[in-house]
Every structure is written in C-alpha cells, then in structure tokens.
Chemist: 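Structure in structure tokens, see below.
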Amino acid sequence: MADPARIVPPVVEVRERRSGPWLALVGVLLISAMASGVWLLGHWEPQLLPVRIIEVEGELHHHSSRLLQETISERLRGGILTADLKDLKQAAEDLAWVGRATVRRVWPDRLQVEVEEHRPIARWNRDGLVTAEGIVFRPGTGTVPAGLPLLEGEDRRAPEVVKRYAQWRDDLMLIGHLIQTLSVDPRGAWRVELVMGVELYLGTEGVDQRLARYIASATQLEAAGQPLVVDLRYSNGFAVKWAANAEPQARATTDRPTRFGKRG
C-alpha cells in the first residue's frame, strides 16, 4: 500500500489560446465582403431594378409634367431601391413654382412625384411673387401673372406685409376701393396706393387706426373733389393733396387738418 504522504498531485498545464489574430482576420474579411456587397449593389442594382416610370401628380399651371419628369430623371442616381428620395424631392422643390413635393417608390419600377405649386396673391418687389403664407419666390421674367397687386418690403417682412394686405384689402373693399400697391420701407413707414389713384401715407405708428380714419372720411373726401395724396401721419387729422380740377371751396375745407397734431 502506497504511502499517502508520497502521492504527488498531477500537474495541470494551462495553455493560452491564441485566437486574437484569427478574429481580426475574420473581421477584416467580413468588412471586405460587406463593402464588396455594397459596391455590387450600387453597380448592378440600377441595371437589375431600374426606375422605368416617373409619374407626376398634382394640379400644375406653370410647370409641365414633362419638365418635372426630366428634372427628376436628371437628378436620379440608382435604381428603385437605392434612389435618394430626399434628393429627388429637393430637385422638384428647386423649381421656382413648386412649393411642396413628395416622392415615393411604387414597386417594381416606378417613382411617384406629387407636387403642389405656389399660389401667389401678389407681386413682390420688382422680380418676385408672394403667397398668402408670406413665402417669397422668384420665377423669372415672363412668368408673372398679370393683374396682381404689388407688395414691397424686405423679404424678412413678407409675412407681416401679407397679413396687413389681407386685412386692409377687406377693410377697403367695404367702401369700394382696391389696393394697387402696399409698401413698407426700411424705417417701417407704410404707404398704400389705391387703384383709383389715391396714395395714403400711414407712417410708422398706429397705422391701423390711421387707415380706419381714412375709411371713415373717404366718402366725404370724394364728394369734395379728387384726392391724390392723403397724409395720415397726424395725431388727430390728415392732409390732402387734390387733383388740379378739384373745386377750390372743397379743397380749402378739407385742407384744414394739415394744421392738426404731430406727424409720426
């Protein structure tokens, strides 16, 4: 029987597994395979799954469907799966008259483009148009609709000018007048020119109240003669410049407010 004191325990040998280099190699191979797959997809996908039809929807008045189709086609990169819809949407909206566009895929080979054109309510400065939302766009020469009123001001003030135009247009229509030009200069001074040829100077302060003062007096002014300019930049009155054929007695009566108040 062996002496227990002489039993020697077995030696356990621990060997380190050297898998690091193999894992790195596998990672490199996977990345290379993915890159190759992406390249193959980009190279072959437009040929295997091309976009064959670009369909335009929406009520168009100033751009033809053909122009939109050509614009999208020129900007198109890739097939039905890889086409960049955001870039194509921007291409459509870069056209002057297009206010909003949406682009979607229709399997298997169609892009559907829906557009909404700007609807201008007035001309803006010398070369632009403006919508009811105060969006200014410049479509270029030869495409500005006739008969629109003219709004003038800095582009950043377009929403404010449009808002006042809508309000004052409705107020003036109650007495049978239409706005031909509405402008605000860099100092914030407002001026209105009516279709009948009268210019209204409203100044920078209390412009709504000053216009209301003119509306309340318009019938009396027109009965007295032919006003050309009505300066409402007074605290409690206005000054009138009359046409040459106005009656002298009427002109003398309505000129009195030029002495009233302080202009602003």
Side-chain angles (χ1 to χ4, degrees), residues 34-166 169 179-184:
M34 291 173 63
S36 298
V38 170
W39 182 86
L40 288 172
L41 178 65
H43 182 73
W44 291 106
E45 187 265 351
Q47 301 177 47
L48 297 175
L49 297 171
V51 174
R52 301 184 187 277
I53 301 172
I54 298 175
E55 186 178 78
V56 176
E57 296 184 348
E59 187 177 350
L60 302 176
H61 298 285
H62 300 90
H63 287 312
S64 66
S65 295
R66 180 179 295 277
L67 174 62
L68 281 158
Q69 289 166 345
E70 292 174 352
T71 299
I72 296 296
S73 179
E74 291 172 1
R75 193 84 158 249
L76 177 64
R77 301 290 183 273
I80 191 66
L81 294 178
T82 59
D84 187 341
L85 300 190
K86 184 179 293 186
D87 184 62
L88 297 178
K89 167 184 166 70
Q90 187 61 54
E93 291 180 349
D94 284 344
L95 294 173
W97 278 94
V98 175
R100 183 187 63 85
T102 57
V103 183
R104 66 187 186 93
R105 298 180 177 90
V106 179
W107 187 261
D109 59 357
R110 180 181 305 178
L111 289 178
Q112 191 173 80
V113 185
E114 184 175 355
V115 297
E116 181 179 317
E117 287 191 336
H118 287 304
R119 296 181 179 180
I121 63 167
R123 292 173 290 140
W124 181 258
N125 293 327
R126 293 184 177 181
D127 59 348
L129 294 167
V130 64
T131 69
E133 296 74 30
I135 298 172
V136 174
F137 64 104
R138 293 176 170 84
T141 58
T143 57
V144 176
L148 293 177
L150 173 63
L151 306 184
E152 297 177 319
E154 298 171 306
D155 284 3
R156 63 182 180 84
R157 301 192 70 164
E160 177 188 7
V161 176
V162 165
K163 183 178 179 180
R164 287 200 184 277
Y165 167 74
R169 174 196 59 195
I179 295 176
Q180 180 168 297
T181 303
L182 171 61
S183 63
V184 58

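We're numbering straight along the sequence, starting at 1.
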Chemist: May I ask you to say whether Arg157 pairs ionically with Glu160, meaning some side-chain N is under 4.0 Å from a carboxylate O?
Modeler: yes

Chemist: Looking at CG of Leu95 and CD of Glu117, how far apart are the two atoms once the value is rounded to the nearest 0.5 Å?
Modeler: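 It is 9.5 Å, given to the nearest 0.5 Å.
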
Chemist: Could you pull out all residues at least two apart from Val136 that satisfy side chain to side chain contact (heavy atoms under 4.5 Å, CB included)?
Modeler: Trp124, Val130, Arg138, Asp155, Ala158

Chemist: Kindly write out the residues that satisfy side chain to side chain contact (heavy atoms under 4.5 Å, CB included) with Thr131, not counting sequence neighbours, or none if the list is empty.
Modeler: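 Applying side chain to side chain contact (heavy atoms under 4.5 Å, CB included) to Thr131 gives His118, Glu133, Ile135, Phe137.
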
Chemist: Is there a side-chain contact between Leu182 and Pro149 in this structure, where contact means two heavy atoms from C-beta onward sitting under 4.5 Å apart?
Modeler: no

Chemist: Please list every donor-acceptor pair under 3.5 Å in which a side-chain atom of residues 49-58 meets a protein atom from a residue at least two apart or in another chain.
Modeler:
residue: Glu55; atom: OE1; partner: Gln112; partner atom: NE2; Å: 2.8
residue: Glu57; atom: OE2; partner: Gln112; partner atom: NE2; Å: 3.3

Chemist: Taking salt bridge (charged side-chain N to carboxylate O under 4.0 Å, His left out) as the test, write out the residues that go with Arg169, two or more places apart.
Modeler: none

Chemist: For residues 86-96, which residue pairs qualify under side-chain hydrogen bond (donor to acceptor under 3.5 Å, both in side chains), counting only residues two or more places apart or in two chains?
Modeler: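 Matches after skipping sequence neighbours: Arg75-Asp87, Lys89-Glu93, Gln90-Asp94.
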
Chemist: Is Leu150 close to Thr181 at the side-chain level, that is, under 4.5 Å between some pair of heavy atoms?
Modeler: yes

Chemist: May I have the step-by-step check of side chain to side chain contact (heavy atoms under 4.5 Å, CB included) for Leu111 and Ile80, ending in yes or no?
Modeler: CA-CA 8 Å; Leu111 289 178; Ile80 191 66; 4.2 Å; yes

Chemist: Is there side-chain contact between Asp84 and Arg77, with at least one heavy-atom pair below 4.5 Å?
Modeler: no

Chemist: For Glu74, what residues pass the side chain to side chain contact (heavy atoms under 4.5 Å, CB included) criterion, not counting sequence neighbours?
Modeler: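 Once residues adjacent in sequence are excluded, Glu74 has no partner under the side chain to side chain contact (heavy atoms under 4.5 Å, CB included) criterion.
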
Chemist: Compare all side-chain heavy atoms of Val184 with those of Val161 and state whether any distance is below 4.5 angstrom.
Modeler: yes

Chemist: When you compare the side chain of Arg119 with that of Glu59, does any pair of heavy atoms fall below 4.5 Å?
Modeler: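 Yes, at least one pair of side-chain atoms sits under 4.5 Å.
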
